[in-house]
Amino acid sequence: MTNRKEIAEKFVKYLDENFADSKCSLKYENPFQLLIATILSAQCTDERVNKVTATLFKKYKNFEDFKNADLEEIMEDIRPTGFFRNKAKNIKKLSEVILEKYEGVIPVDINELVKLPGIGRKTANVLLGNCFNIPGIVVDTHVKRISQRLGLTDNDNPDKIEQDLMEVIPKEKWTKWSHQVIDFGRKICTAKKPKCDICEMRDVCKFANSEA
DNA sequence: CTCCCGATAT
DNA sequence: ATATCAGGAG
């Protein structure tokens, strides 16, 4: 009998041994840049986001630049990241709100952040964890898939998955753990053909044991 | 639940 | 051709 807490402990240990130096793979120099980069990262690889932001941040250096920019032009500038119409609208609107309601300062509070257009708990937790040292579990596509495969959650809703994970992962590890799971998801526990043969979690993994 | 959406891997 | 990528909003 291996329960969730035991699986979580084993997983934390495994990740620390194999993904010790995982960190944010989005490139940024300040909270403004990480916020924009994370919005762009929805359903897009970080590699592509980095390619776009490399030139994007030379043109747009702060929220004023996005607020004053033409919407159509922002769309073209971020087009390769996909969902470019929604993302451009959200970035422009969010820039206006931060300037007008928050006096140009990003609110360091998840309950305020998620009120902003285009920002959900995933994006908010990325920003808070990496720029402000506020622990948060980032439930993205990798964390969701792997948590379900390992049986760390039975839920499909990201908010509920986040709650389930907060119960079994030590709070001080939340941010680091999220980066580690994402690296694990990219290299071992991939969506398509997971490398169960070389995965040390195999013996406690429902998914691995349900495969042929 | 659906829609938004381009680029790459399989 | 289809699945997938650091999701969020209506």
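Proteins get letters first, then strands, A, B, ... in listed order; numbering begins at 1 in each.
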Any R48(A) side-chain nitrogen or oxygen under 4.0 Å from OP1 or OP2 of dG6(B):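 It does not, given that no N or O in the side chain of R48(A) lies less than 4.0 Å from OP1 or OP2 of dG6(B).
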Any R186(A) side-chain nitrogen or oxygen under 4.0 Å from OP1 or OP2 of dA6(C): yes
N90(A) or E47(A), whichever maps to the more 5' nucleotide of DNA chain C: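 The residue whose closest nucleotide sits nearer the 5' end is E47(A).
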5' priority, DNA chain C, between K23(A) and L116(A) [closest heavy atom]: K23(A)
Residue whose nearest DNA chain B nucleotide is more 5′ - G82(A) or K192(A):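 Closer to the 5' end of DNA chain B: G82(A).
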5'-most by nearest nucleotide on DNA chain B - K193(A) or P80(A):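 Nearest nucleotide further toward 5': that of P80(A).
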Of the listed nucleotides dA6(C), dC5(B), dG7(C), the one nearest the side chain of V138(A):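 Given the options dA6(C), dC5(B), dG7(C), the side chain of V138(A) is closest to dA6(C).
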E29(A) CD: over 12 foreign heavy atoms closer than 6.0 Å: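 Atom CD in E29(A) is not crowded, with 12 or fewer foreign heavy atoms closer than 6.0 Å.
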Whole-Å gap separating P (dG8(C)) and CG (L94(A)): 12 Å
Interatomic distance, Q43(A) CD vs dA9(B) C1' [rounded to whole Å]: 15 Å
Spacing of the P atoms in dA6(C) and dC4(B) (rounded, Å): 22 Å
Separation of the P atoms in dG8(C) and dA7(B), to the nearest angstrom: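 About 22 Å, rounded to a whole number of Å.
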The single option from V126(A), I106(A), T53(A) passing side-chain contact (heavy atoms from CB on, under 4.5 Å) against L34(A):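 For L34(A), the side-chain contact (heavy atoms from CB on, under 4.5 Å) check succeeds only for V126(A).
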Aromatic ring pairing Y60(A)/F66(A), orientation class (parallel under 30°, perpendicular over 60°, tilted between): parallel
Partner of Q148(A) by side chain to side chain donor-acceptor pair (under 3.5 Å), out of N155(A), D156(A), T153(A):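 Testing each of N155(A), D156(A), T153(A) against Q148(A), the sole residue satisfying side chain to side chain donor-acceptor pair (under 3.5 Å) is D156(A).
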